[in-house]
Amino acid sequence: MIGTVFKTFGRKYMDVTLRTEADYLVRIVERPGLWMDDTSLTALSADLRTVAARTLDAGGLTYGVFSGDKERMGSVVVTLVSRRDGSPIAFNALAVMSLNTAPYPTDVLHLGLVMVDPDERSKNLSWVLYGLTCFLIFFRRQFRPVWVSNVTQVPAVVGMVSEMFSDIWPSPQHGRRTLSHLLLAREIMTTQRHVFGVGDEAGFDEERFVITDAYTGGSDDLKKTWEMAPKHRDDRYNVFCKDALDYTRGDDVLQLGLMDLTAMRTYLTR
């Protein structure tokens, strides 16, 4: 993997492929809407829809990479996992959000939409889908910390993000909300709702970072009941989500944290 990391230097946008120990192929494509030709972009989108069709009973997702909009594909980083025969089995569409903050804009990597073919779950793909792309971007930024965000109602994802990145809030094991967390959250909820498919009518609880009635802006088919939501092996995260979120209404938690040197060490040791 180290060789792949160094190959990303000198390129304006990443387009790298590596093989995992489980013999999967992982392709990371940065902002394909800005440079990829129409044929290649159509093929990439088709691979994402293939995974979605295997993952969801309904196919009504209309936001982000499913909108078919080239402009939208110009602000995402796609991590696509395939079998050796090229069959796509999982992806993460990570969004790059540029927030209007003082004195300079702040880029935030939104962990975005993750889908895994049901037949391929429990194959230890989370380290690829949630961490690898953030790690490569952090490396390319010469180890300058990168803010990351996550919007979810899934306890397994809340726990994974809490354990993978630094200064995550909210989380049962990180209870400190800083002014930076609050200001970034306000800007995200004001200008970036379209990135994660939350409608204008959804509320936001600034004390708890909970988005209320979140599934009204294109992400309707992702709404889960408490029973359906995958649980974390550490029950603290399950209890946290059950207490904080109304699953009947359709709430999400907005998490914010950092990919920094501490997070990178944690990622590499795992």
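These numbers come from a predicted model, not from an experiment.
Taking 4.5 Å as the limit, some side-chain heavy atom of Ile188 sits within range of a side-chain heavy atom of Ser149. Residues Trp35 and Asp15 meet the side-chain proximity criterion, which asks for heavy atoms closer than 4.5 Å. Proximity of Arg31 to Val76: side-chain heavy atoms (C-beta onward) are nowhere separated by under 4.5 Å. Using a 4.5 Å heavy-atom threshold, the side chains of Met259 and Met164 count as separate. Between Leu183 and Glu187 the shortest side-chain heavy-atom distance does not fall below 4.5 Å. Counting heavy atoms from C-beta on, the side chains of Phe240 and Pro170 come closer than 4.5 Å. A 4.5 Å side-chain heavy-atom check between Arg27 and Val29 finds at least one atom pair inside the cut-off. In this structure, Ser82 and Tyr24 have side chains that are not in contact, with every pair of non-hydrogen atoms separated by 4.5 Å or more.
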(request) Let me see the working for Arg19 and Arg84 under side-chain contact (heavy atoms from CB on, under 4.5 Å), right down to the final yes or no. (result) CA-CA 9 Å; Arg19 191 186 306 276; Arg84 288 192 67 180; 3.5 Å; yes
(message) If you apply the rule side-chain contact (heavy atoms from CB on, under 4.5 Å), what do you find for Met73 with Ser45, and how did you get there?
(response) CA-CA 9 Å; Met73 293 293 278; Ser45 296; 4.0 Å; yes
(request) Let me see the working for Phe138 and Leu261 under side-chain contact (heavy atoms from CB on, under 4.5 Å), right down to the final yes or no. (result) CA-CA 9 Å; Phe138 175 66; Leu261 285 171; 4.1 Å; yes
(request) Decide side-chain contact (heavy atoms from CB on, under 4.5 Å) for Val128 and Val81; before the verdict, give the C-alpha distance in whole Å, the side-chain angles of both, and the deciding distance to 0.1 Å. (result) CA-CA 8 Å; Val128 173; Val81 183; 4.0 Å; yes
(request) May I have the step-by-step check of side-chain hydrogen bond (donor to acceptor under 3.5 Å, both in side chains) for Thr152 and Asn150, ending in yes or no? (result) CA-CA 6 Å; Thr152 189; Asn150 176 50; 5.1 Å; no
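Using a 4.0 Å cut-off between a side-chain N of Lys or Arg and a carboxylate O of Asp or Glu, Asp234 and Arg236 qualify as a salt bridge. Looking at Glu163 and Arg233, a side-chain N of the basic residue comes within less than 4.0 Å of a carboxylate O on the acidic one, giving a salt bridge. The pair Arg176-Asp167 does not meet the salt-bridge criterion, since no charged nitrogen lies less than 4.0 angstrom from a carboxylate oxygen. Salt bridge status for Arg54 with Glu120: absent, with no side-chain N to carboxylate O gap under 4.0 Å.
Side-chain contact of Ser171 with Gln255: a donor-acceptor pair under 3.5 Å is absent, judged by distance alone. Donor-acceptor pairing under 3.5 Å is recorded for the side chains of Asp37 and Ser40. No hydrogens or angles considered: a donor-acceptor pair under 3.5 Å links the side chains of Asp260 and Ser166.
Nearest heavy atom pair, residue Ile28 against residue Leu136, reads CD1-CD1, 3.4 Å. Nearest heavy atom pair, residue Asp252 against residue Tyr215, reads OD1-OH, 2.5 Å. When all heavy atoms of Leu34 and Tyr13 are compared, the closest pair comes out as CD1-OH, 3.3 Å. Considering every non-hydrogen atom in both Glu207 and Arg177, the closest pair reads CA-NH1, 3.9 Å. Across every non-hydrogen atom of Asp38 and Lys70, the tightest pair is OD1-NZ, 3.2 Å. Residues Ala202 and Ile211 approach most closely at CB-CG2, 4.1 Å, considering heavy atoms.
The distance from atom CG of Leu179 to atom CG of Leu184, rounded to the nearest 0.5 Å, is 9.0 Å.
Side-chain atoms of Thr50 come within 3.5 Å of backbone N or O of Ala46 as a donor-acceptor pair. Under a 3.5 Å cut-off, the side chain of Arg141 and the backbone N or O of Pro145 do form a donor-acceptor pair. Put simply, the side chain of Thr133 never gets that close to the backbone of Leu129: no donor and acceptor are under 3.5 Å apart.
Taking the six-membered ring for Trp, Phe204 and Phe209 have ring centres closer than 6.0 Å. Ring pair His110/Trp147: centre-to-centre distance not below 6.0 Å.
With sequence neighbours excluded, the residues satisfying ring pair (Phe, Tyr, Trp, His ring centres under 6.0 Å) with Tyr247 are Trp226.
Enclosure of atom NZ in Lys224 by more than 12 non-hydrogen atoms of other residues, nucleotides or ligands within 6.0 angstrom is indicated. Other residues, nucleotides and ligands contribute over 12 non-hydrogen atoms within 6.0 Å of the CD atom of Glu201.
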